[in-house]
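Reviewing the structure listed below.
Residue numbers begin at 1 in each chain, while the letters A, B, ... track the order of the sequences.
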Amino acid sequence: MFKNNVKMQKNLVLVTFLFIPTILISLFMIYPLIRLVALSFTSWDGLSLTKTFVGLTNFKKILFDSPEVWLSLKNNGIYFVGHLLFIPIELFLAYLLDNRVRYSKMFKTITFLPYMINTVAVACMFIFLYSSQDGVLNSMLQFFHMDKIGWLSDPNIVNYSLTGVSLWKFSGIHIILFLAAFQSLPTDMIEASIIDGASTFKQFYHIVLPNIKPVVEIVLFLNVRGALQIFDIPYVMTSGGPNHASETFTVQTINTAFQYQNFGLACAMAIVLMIIIIIISIIQKKLFNLKG
Amino acid sequence: MEANIEIKKETTINITRRSGSGGGVLKILLFIFIAAIVILPILITVFASFKSLPQIGSESALKPPTSLNFENYKEVLKSTNVFVAFKNSTILVVASVVINSLLSTMVAYCLTRFDFKLKKAYFAIFLVGLIIPGIVTEISRFGLMTNIGVYDTLLAPILIYAGADLMQIYIYNQFLQQIPVSVDESAMMDGASYFTIYWRIIFPMVIPATATLGILKAVDVLNDMYIPFLYMPGEEHRTLSTLLFNCITDPRTSSIPKLSAAAVIVMIPTLVIYFIFQKYIFSGIAAGAVKE
């Protein structure tokens, strides 16, 4: 009798506690995902009641007939490579921070600061820095008698300028993640290696690095996701311009859907993005494990 | 044995000495350089917000303002609805954080304390949620929001923000596993139901984790532009982020001094949260990253 009661109670708790979270995740995550796949095979415009099935037309169009899509992916590639190149630097800085320099706590606070600031506010700050007339960077260049640079107006430069903003904002979170990993290492492990006469580099490469591998993997995964999804920095700062030169894949997806009313194609683009993220993550993980 | 201890002592002395000597100065210089890169854009923006437009053109951006001239701030407060945006952002933050922490603790409680048939599948659903880039599903989620009638209401973002995610459940699980099940059992002996146990024992005991996750969620919600931008286009539903986004295109506020003032206003809430609660933020990130 008592046992039965407990079991009933357990089921009651499970049902009531999991009811809302399950509804939320299925309604706002799983259902949209299924719908995304379904819509990618249609030519729906987002408004009309009829959704015409067009098979693989959208995917074919992306693959063979959309140079602008590939150009935007190339732009995403700049963010990806930029952040990737910064990961060793971030590791190094985190390692220095961990060695308990004086004021390291204060530096930690400062390093993480950009991550906390509103992205639109960050964009505003850099609009001024990059501005071609009164901009801070250009007046610095003038001070050194150098030519002005069209940070946001030169199609060959704009993506690097925007990647710089992204680095400014997101490097801090990586450093803090690495730092957390370093600080979780038992100190006697490092002490033991010093007794064995390992140099700092050897100590780092053979002892520290393998032990923080999971965190490096998380950062690599975050980088793929972040670089391929980057939206607000280019959208706010240049809205994809000049002449589509800084359009990223997501900016283009959103424009295709909401500006050009081509939901079917946009859904197909979203699926392509998802597949790219998954593939790069897998490749990265394989390569990473091969080396380690 | 004695010799061993001797060596250990010496190395500890060496370690402390290493971080204090010559390299230390270089390190501090490096960190000052990094701190400058982080702080200068913010400082320049704050300076610009107190300057007039001619001053921006004529004097160095690094020159502090000669007086605290609040004209730009007054202008921004007059021509935009900052207070409405502030109210909207506050509602979003409070509602999302409260609902989100209740739901995620409830899910974590069920997943750590009970065994049930679909437990593995349940975890898998949340994992899918982590892998699927949020921005991707937005296009198909959009139609759903219109259909359930929450488009252009504050409810739309709340529904999206409130759902538990894998990272939160993971961190709560870590905490809950440290609370011995015998605590639950003895409460049960005293006649407490599972609901009472959750509410009186479990929930109070995970408050440290809730503080961390709640702050991170609050900052996320406060700084997000994309979801409010997409689901709440109405002027009366602007949040701090979308209000600032609008300032960039609005001729009344798009000049650099006024835009800087608007950016400073928008930055303040998250910066206040950050400087007050940074201890919780860092401990939470450490807990989340290291144990994965």
Practice problem: If the plane angle is over 60° it's perpendicular, under 30° parallel, otherwise tilted; pick one for B/Tyr226 and A/Phe231. | Solution: perpendicular
Self-check item: Spacing of CG belonging to A/Leu113 relative to CE belonging to B/Met267, to within rounding of 0.5 Å
Solution: 9.0 Å
Exercise. Mind checking the CD1-CD1 spacing from B/Ile39 to A/Ile110? Nearest 0.5 Å is all I need.
Key: 4.0 Å
Quiz item: Is the closest side-chain heavy-atom distance between B/Phe31 and A/Leu96 below 4.5 Å?
Solution: yes
Quiz prompt | Any A/Asn118 side-chain heavy atom under 4.5 Å of B/Leu222 side chain | solution = no
Exercise. Measure B/Ile99 against the heavy atoms of chain A and call it side chain, backbone, both or neither at under 4.5 Å.
Key: neither
Exercise. Look up atom CE in A/Met116 and atom CZ in B/Phe277, then write down how far apart they are to the nearest 0.5 Å.
Key: 12.0 Å
Self-check item: Heavy-atom side-chain contact between B/Phe114 and A/Val13 under 4.5 Å
Solution: yes
Quiz prompt | Per-residue contact mode, A/Leu129 against chain B (heavy atom under 4.5 angstrom) | solution = side chain
Quiz item: Any idea which of B/Ile132, B/Val107, B/Thr270 has the most non-hydrogen atom pairs under 4.5 angstrom with chain A?
Solution: B/Ile132
Exercise. Report the residues that fulfil salt bridge (Lys or Arg N to Asp or Glu O under 4.0 Å) with A/Lys51, sequence neighbours left out, ordered by chain and then residue number.
Key: none
Quiz item: What distance do A/Leu27 atom CG and B/Ile148 atom CD1 have between them, rounded to the nearest 0.5 Å?
Solution: 5.5 Å
Quiz item: Given that the side chain runs from C-beta out, which part of A/Ile25 has a heavy atom under 4.5 Å from chain B: side chain, backbone, both or neither?
Solution: side chain
Quiz item: Quick one: are A/Ile277 and B/Ile131 in side-chain contact, heavy atoms under 4.5 Å?
Solution: no
Quiz prompt | Option in A/Met274, A/Met140, A/Arg225, A/Glu217 with maximal non-hydrogen atom pairs under 4.5 Å from chain B | solution = A/Arg225
Quiz item: What option among A/Leu33, A/Thr250, A/Ile20 has the most heavy-atom pairs under 4.5 Å with chain B?
Solution: A/Leu33
Quiz item: Centres of the A/Tyr235 and B/Phe229 rings: under 6.0 Å?
Solution: yes
Hey, can you pull the donor-acceptor pairs under 3.5 Å for the side chains in residues 256-263 of chain A, sequence neighbours left out?
| from | atom 1 | to | atom 2 | distance (Å) |
| --- | --- | --- | --- | --- |
| A/Thr256 | OG1 | A/Gln252 | O | 2.6 |
| A/Gln261 | NE2 | A/Phe258 | O | 3.4 |
| A/Asn262 | OD1 | A/Leu265 | N | 3.4 |

Quiz item: At a heavy-atom separation under 4.5 Å, does A/Ile212 approach chain B through its side chain, its backbone, both, or neither?
Solution: neither
Exercise. Find the one option among B/Val128, B/Ile37, B/Leu62, B/Thr146 whose heavy-atom pairs under 4.5 Å with chain A are most numerous.
Key: B/Ile37
Quiz prompt | Proximity breakdown for B/Phe282 and chain A, heavy-atom pairs closer than 4.5 Å | solution = side chain
Quiz item: What's the shortest heavy-atom distance between A/Phe128 and B/Ile56, and which atoms?
Solution: CE1-CG2, 3.9 Å
Quiz item: Which heavy atom in B/Pro41 sits nearest to a heavy atom in A/Met125, and how many Å separate them?
Solution: CB-CE, 3.6 Å
Quiz item: What part of A/Leu179 lies closer than 4.5 angstrom to a heavy atom of chain B: side chain, backbone, both or neither?
Solution: neither
Quiz item: For B/Tyr122 and A/Thr22, what are the C-alpha separation, side-chain angles and deciding distance, and is it a side chain to side chain donor-acceptor pair (under 3.5 Å)?
Solution: CA-CA 9 Å; B/Tyr122 208 71; A/Thr22 312; 2.6 Å; yes
Quiz item: Roughly how far, to the nearest 0.5 Å, is CG of B/Leu130 from CE of A/Met29?
Solution: 9.0 Å
Quiz item: Between A/Cys124 and B/Thr45, is any pair of side-chain heavy atoms under 4.5 Å apart?
Solution: no
Quiz item: Heavy atoms under 4.5 Å from chain B: which residues of residues 167-175 of chain A carry them?
Solution: A/Trp168, A/Ile173
Exercise. Look at A/Ile176, A/Val219, A/Ile271 and state which one has the largest set of heavy-atom pairs under 4.5 Å with chain B.
Key: A/Ile176
Practice problem: Please check if any side-chain donor atom of B/Tyr274 sits under 3.5 Å from a side-chain acceptor atom of A/Thr109, or the reverse. | Solution: no
Quiz prompt | Interface residue of largest heavy-atom contact number with chain B, from A/Pro21, A/Ser239, A/Ala266, under 4.5 Å | solution = A/Pro21
Quiz prompt | Test item: B/Leu144 and A/Tyr31 side chains (from C-beta on) under 4.5 Å apart, heavy atoms | solution = yes
Quiz item: Does a side-chain heavy-atom distance below 4.5 Å link A/Val120 with B/Val266?
Solution: no
Quiz item: Based on non-hydrogen pairs under 4.5 Å, which of A/Thr16, A/Val236, A/Thr253, A/Val136 is most in contact with chain B?
Solution: A/Val236
Self-check item: Point-to-point distance, once rounded to the nearest 0.5 Å, from CZ of B/Phe116 to CG of A/Leu18
Solution: 5.5 Å
Quiz prompt | Student check: side-chain heavy atoms of B/Met225 and A/Thr119 closer than 4.5 Å | solution = no
Quiz item: Mind checking whether B/Tyr194 and A/Phe17 have ring centres under 6.0 Å apart?
Solution: no
Quiz item: Relative to chain A, which segment of B/Asn100 carries a heavy atom at a distance below 4.5 Å: side chain, backbone, both, or neither?
Solution: neither
Self-check item: Contact class of B/Leu159 relative to chain A, heavy atoms under 4.5 angstrom
Solution: both
Self-check item: Toward chain A, the part of B/Val38 with a non-hydrogen atom under 4.5 Å
Solution: both
Quiz prompt | For the student: nearest non-hydrogen atoms of A/Ala270 and B/Ile139, plus distance | solution = CB-CD1, 4.4 Å
Quiz item: Which pairs, with at least one residue in residues 131-146 of chain B and sequence neighbours excluded, count as a salt bridge (Lys or Arg N to Asp or Glu O under 4.0 Å)?
Solution: B/Glu138-B/Arg141
Exercise. State whether the side chain of A/Gln229 and the backbone N or O of B/Ile135 hold a donor-acceptor pair below 3.5 Å, judged by distance alone.
Key: yes
